[in-house]
Amino acid sequence: MNPRLYPLAATIAIFLLAWVICVTQFPYMLSTRVAGNLLTDNAYLGIVAVGMTVVILSGGIDLSVGSVIAFSGVFIAVMLRDTGLHPISVFAVLLVITTGFGAAMGWLIHSLAMPPFIVTLAGMFLARGVAYMLTIDSVPIDHAFYDLLDDAYYLMPGKGRLTLIGVLMLITVFFGIIVAHRTRFGASVFALGGGEATARLMGVKVGRTTILIYAFSGLMAGLSGIVFSVYTSSGYPLATVGTELTAIAAVVIGGTLLTGGAGFVFGTLIGVLTMGLIQTYIVFDGSLSSWWTKIIIGLLLLAFILLQKGLLRVTTARVAV
Amino acid sequence: MLLTIRSLTKTFPGTKALDGVDFELAAGEVHALLGENGAGKSTLIKCLTGAFVRDAGVIMLEGEKISPSSTSEAQELGIGTVYQEVNLLTNLTVAQNLTFGNEPLRFGMVDRRAQLRQAEKMLEGYKLDIDVSRDLSTYSVAIRQIIAIARAVALSGKVLILDEPTASLDAREVETLFAVVRDLRDKGLGIVFVSHFLDQVFDLTDRVTVLRNGQNVITERTADLDRVQLIEHMLGHALKDDVVGHAKTHKAGGEWPELLKFDGFGRRGHIDPFDLSVGEGEVLGLAGLLGSGRTESAELMFGLAAAQNGAARDANGVLDLSSPRKAIAAGFGFAPEERKEDGIIADLSVPENIALAMQARRGWARPIPRAEQLRLAEAYIEKLDIRTSGPEQPVGDLSGGNQQKVVLARWLAMNPRFLILDEPTRGIDVGAHAEILRLIKQVTAEGMSILIISSELDELIAVADRVIVVRDRRHVAELTGSEITTDTIVRAIAAPDRDMTEVLA
């Protein structure tokens with residue numbers, strides 16, 4: 001097997017193992033209800049993690065996405081409350097704003113040769129600040145279209161609900177797979193992650209690609225914000241604090257190299273679901289405190305970072321011979 | 001002519017990297033471009049590939065004037081380059097690397113199967129039997145090198161520049177690569193071959209152009225040259241007597257009390273085990289071509305790379321030279337070749353740079369007081385005649401010669417017993433050059449021992465009491481007293497066999 005596939009294989013194995021452990025303890029966890037909820041509850045995280053995967057594959061990072069999701073929720077809620085716009089128009093405006101925001105960060109990163117960490121950290125404060133500017137309260141969303149979205153689901157055998165937002169997440173992952181692994185843009189992303197100087201020598205338009213990468217992440221964060229607003233039926237400026245870090249964790253647990261250049265969007269989906277599964281287990285158990293989720297995620301992260309370091313050493317050692 | 005370059009000039013602050021260089025490349029020839037570090041080879045190549053923009057001169061490709069401003073523009077014009085550090089992405093597959101930027105698309109998506117076919121087609125004729133769907137990182141550097149050539153030829157197809165392509169290949173791999181290069185030559189490509197391996201130059205190339213200090217030395221058919229002539233051209237005799245002073249009146253060997261002794265000191269891949277004794281107050285010269293093992297010898301002695309064999313001793317017993325820190329503790333100093341990268345900290349002031357090694361020895365817990373730093377700096381600014389606008393000036397703003405003096409001051413302040421200078425006069429002006437040589441004589445008169453590595457033979461002859469000649473990562477000859485002449489050194493470097501007795505006879 002190609003050593004590049006090891007982290008992905010490990011991710012899938014861990015996910016399956018975790019599910020087997022869950023099912024042996026709580027057989028009901030095999031039901032379609034749990035599966036449906038897993039997708040619904042993690043839809044917003046899965047979508048934003050797709051954007052984060054592309055950013056990390058290029059060797060960058062985007063810390064702004066959690067704030068952008070919160071901004072999106074507040075923006076939608078306030079617009080629906082204060083204007084007569086239809087949600088679909090609001091969504092369109094929002095996606096243009098968040099994509100533009102991402103593109104602007106990408107432009108700064110490239111043109112000022114600034115570390116993405118710093119630029120997106122500024123973006124994180126900025127987006128959160130703008131969300132506060134719109135409102136400091138939780139604004140409920142009360143719109144007929146939202147009721148429609150909420151009720152849109154397919155009842156699977158076993159009464160599990162395959163919701164619209166869950167399906168949207170799967171579609172986004174599929175879209176992400178195409179973008180990252182099957183387009184020239186995706187090839188440029190991997191090239192940047194492999195080494196910017198070399199990528200430039202191979203003819204990658206570094207500036208354009210960087211802007212597109214962060215624009216894509218902004219688009220995904222906006223989409224994730226829409227999904228989150230459907231999920232919670234409200235907009236709250238304090239929502240999704242730290243979601244960017246959860247998304248990064250999902251990407252790394254999904255087998256993507258944190259330094260860029262190697263990984264799979266599909267792995268990120270598995271990473272998100274693994275984290276969701278741990279949470280579900282703790283809910284089922286009832287006696288465990290929720291901080292166990294964080295501890296286990298922390299350990300998983302550490303394990304994956306060590307695995308990748310080990311792999312790196314193995315592959316470089318083999319080539320050196 | 002396929003490619004014609006006329007009076008190409010490129011100036012960097014403080015140095016003229018290229019000074020009116022001419023170069024010609026015919027279709028169907030392999031043309032070697034030779035010169036020591038700083039001769040201007042890489043600047044010339046960078047002007048060709050669009051990495052640098054020239055200040056003056058003309059580049060003509062097939063009779064058309066060109067001015068590439070980026071690598072991709074040069075590629076589109078027909079000039080492809082393969083570097084020593086292969087410019088491909090190891091995290092992608094061979095096929096992705098070969099087709100990068102020209103991937104076959106189907107419905108806007110990359111058509112994986114067509115991509116594999118296209119890659120296989122690009123590799124046809126290179127006698128490579130590899131699986132293009134595998135990661136590039138699974139293949140050896142030699143194969144990557146050929147893949148890089150295949151990509152460059154497919155993209156550009158007129159001029160192929162090979163910049164030290166063989167530096168990390170073994171003999172068999174070099175043969176494979178050369179077979180590919182000859183094949184391409186016969187197909188009518190013009191190939192520029194940059195290398196410091198003279199055997200390979202004689203083996204492969206049709207013509208040779210030698211650069212030195214940014215100027216043409218010669219362009220000649222390879223067959224009309226022999227090794228000695230070639231090396232003479234590369235190392236040259238540019239220095240005038242008034243710069244280096246008169247050749248040292250060489251004392252006979254053995255007049256210095258022995259200070260250090262290296263026995264069988266060596267490391268695989270760096271330098272074969274060598275024996276070397278260093279006398280107190282002696283100036284040792286290390287001569288050889290670029291890549292011969294000069295710098296590697298110095299790095300081993302200073303602990304930058306740990307020796308795998310042998311030991312170093314002084315009068316009190318075995319020395320631990322396993323790290324620079326320990327070497328400094330043993331009284332060693334090292335002024336490296338890449339002054340800007342390894343020697344100075346450009347943003348720090350002159351006193352801070354001078355105090356650096358001393359501070360390192362004291363440890364971070366006992367900072368050298370500012371007044372003490374200033375006093376030290378002022379003493380050395382005066383002693384070495386370092387020209388600054390004031391002690392607070394960042395070292396990066398000084399000229400090359402003054403930067404070198406700062407590095408020297410740093411070590412002199414430590415009062416080492418053995419100081420290694422790697423190309424101490426590279427890229428500095430004539431006046432500073434003479435001062436540094438004078439300084440070397442002065443400190444050795446006070447009892448310090450110095451090892452000086454230099455590409456300038458006249459410089460070695462002027463200051464060295466003994467010259468060690470390095471070739472192919474071995475110390476091959478030791479010249480003392482009246483044996484130290486340009487002629488003997490060049491012949492020792494050029495001698496194709498191990499037996500040096502003939503040279504010295």
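Remember, predicted model here, so these are calculated numbers, not experimental data. Residue numbers start from 1 in every chain, and the chains themselves are labelled A, B, ... in the order their sequence lines are given, proteins ahead of strands.
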Q. Near Asp347(B) CG, under 6.0 Å, is it more than 12 heavy atoms from other residues, nucleotides or ligands?
A. no
Max heavy-atom pairs within cutoff under 4.5 Å with chain A, candidates Gly101(B), Ala51(B), Gly108(B), goes to Gly101(B)
Could you go through Asp135(B) and Thr93(B), starting from their C-alpha distance and side-chain angles, then the distance that decides it, and tell me whether this counts as side-chain hydrogen bond (donor to acceptor under 3.5 Å, both in side chains)? CA-CA 4 Å; Asp135(B) 274 12; Thr93(B) 66; 5.8 Å; no
Distance col, row Ile5(B):CD1 vs Arg54(B):CZ, nearest 0.5 angstrom, shows 9.0 Å
For His181(A) together with Phe264(A), are the ring centres under 6.0 Å from each other? yes
So, the part of Gln115(B) with a heavy atom under 4.5 Å from chain A: the answer is neither
Expected output: side-chain Asn309(B) to main-chain Pro273(B) donor-acceptor under 3.5 Å = no
One option among Met109(B), Arg151(B), Glu103(B) has the most heavy-atom pairs under 4.5 Å with chain A, and it is Glu103(B)
Among Thr90(B), Asn102(B), Thr49(B), the residue with the most heavy-atom pairs under 4.5 Å to chain A is Asn102(B)
So, the part of Leu201(A) with a heavy atom under 4.5 Å from chain B: the answer is both
Rounded to the nearest 0.5 angstrom, the OG-OH distance for Ser64(A) and Tyr214(A) is 9.5 Å
When the 4.5 angstrom heavy-atom criterion is applied to Asn97(B) and chain A, the contacting part is both
Greatest number of non-hydrogen atom pairs under 4.5 angstrom with chain B, of Ala262(A), Ala187(A), Gly203(A), falls to Ala187(A)
